[in-house]
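Below is one structure, written out as structure tokens; comments come after it.
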2 protein chains.
Amino acid sequence: MVDAPRNTRQRRAVVAILEDLDGFASAQEIHDILKRRGESVGLSTVYRSLQVLADAAEVDALRNDDGEVLYRQCSAGHHHHLVCRSCGRTVEIEGPSVERWADKIADENGFRDVAHTLEIFGTCSSCPA
Amino acid sequence: MVDAPRNTRQRRAVVAILEDLDGFASAQEIHDILKRRGESVGLSTVYRSLQVLADAAEVDALRNDDGEVLYRQCSAGHHHHLVCRSCGRTVEIEGPSVERWADKIADENGFRDVAHTLEIFGTCSSCPA
DNA sequence: CACGATTTGACAACGGTTGTCATGACGATT
DNA sequence: AATCGTCATGACAACCGTTGTCAAATCGTG
Ligand SMILES: [Zn+2]
Ligand SMILES: [Zn+2]
Ligand SMILES: [Zn+2]
Ligand SMILES: [Zn+2]
């Protein structure tokens, strides 16, 4: 049994931001938002908090084209994302048939410990071209 | 009309490596292979060559979990990959129904300039657990 | 050849992320 | 409420893949 993490002001602040945001955001963006709100939290702490949350599967993480990791508090269960490249706005999507297809392909080729990444990127209707 | 790139020893060497490899490899791995073969090419040049090839869609590029960009000379046309996390061995896969599904989802949600990433990662049958 | 334009490569710089470690905060226990 | 061991924090440096710089080398055209 692992000790529960301590309930610190900083961790609460990061979680609060994630609850407010509806899209994906980078660690640095979250750090900036905290600073703007006056609830300053060290950048290292933001990174660590997000890591812990991601390891516990409390937030989803994905990489954008630039290689930055983006985080978002999603609903539970396996799903994928339709993400606006510009503002981060996100729609959770499910594709049961895709899941089955991916597993079948991997199995047919003798691959073990299989995982898949599937994200759709675009520009949302409220963002300029 | 853009000028054709020059036919230099270095560019030829990088292309030759890509032709030999059957899996994805990082710029640094390719650089190491070249050094081992005695056909040394500067690291910057390897990066630049791969960029040019990727821009011209002559090689595919994807990011692994660690954020490194991996390159591979693939067959033409849109496809996805089943990649061994351990040795890079790769199977090209196609999923027409997935393509249609992704476009439909994006359209239904009013997203423009849509692209998608879909990769399957696992351990291939010739790699240890 | 000779020449101009492109490419190369050693090196520095960049940007996101992770490591370090002295300081401070949490919370279980008195 | 005060004590105390432990964990978390944050300023800073280090890391690592990648990109920028620019003088020198190379290409290929004439
Ligand atoms: Zn899935
Ligand atoms: Zn948007
Ligand atoms: Zn393998
Ligand atoms: Zn596709």
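Everything quoted here is computed from the prediction, not taken from an experiment. Quick note on labels: first sequence line is chain A, next is B, and so on, each numbered from 1.
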Same hydrophobic cluster for A/Y71 and A/L34, using side-chain heavy-atom links shorter than 4.5 Å among ILVMFWY? yes

Assign a letter to each nucleotide of nucleotides 18-29 of chain C from its 5' end: B, base within under 4.0 Å of a protein heavy atom; S, sugar-phosphate only; -, no contact. BBB----BBS--

Measure from NZ on A/K35 to C1' on D/dA11 and round the result to the nearest Å. 12 Å

Checking side-chain polar atoms at under 3.5 Å, does B/H116 have a donor or acceptor matched by the opposite partner on B/D103? no

Rounded to the nearest angstrom, tell me the gap between atom NE2 in A/H31 and atom P in D/dG10. 9 Å

All N/O donor-acceptor pairs, side-chain side in residues 119-129 of chain A, below 3.5 Å, sequence neighbours left out:
{"unit_1": "A/E119", "atom_1": "OE1", "unit_2": "A/H81", "atom_2": "N", "d": "3.2"}
{"unit_1": "A/E119", "atom_1": "OE1", "unit_2": "A/H81", "atom_2": "ND1", "d": "2.9"}
{"unit_1": "A/S126", "atom_1": "OG", "unit_2": "A/R89", "atom_2": "NH1", "d": "3.3"}

Less than 3.5 Å apart, any donor N or O on the side chain of B/S75 or B/E92 sitting next to an acceptor on the other? yes

Spacing between A/E68 atom CD and C/dC14 atom P, to the nearest angstrom: 17 Å

Verify, without hydrogens or angle tests, whether B/E108 (side chain) and B/I105 (backbone) share a donor-acceptor contact under 3.5 angstrom. no

In whole angstroms, how far is the P atom of D/dC16 from the CG atom of B/N64? 15 Å

If the cut-off is 4.0 Å, is A/Q28 near the phosphate of C/dG15, judged by side-chain N/O to OP1 or OP2? no

When the distance from CZ of A/R63 to P of C/dG15 is rounded to whole Å, what number comes out? 17 Å

Using whole Å, what does the distance between atom C1' of nucleotide C/dG9 and atom CZ of B/R11 come to? 14 Å

Value in whole Å for how far the P atom of D/dG17 lies from CG of A/D66: 18 Å

For B/E94 and B/H80, which I'm curious about, is there any donor-acceptor pair between the side chains at under 3.5 Å? no

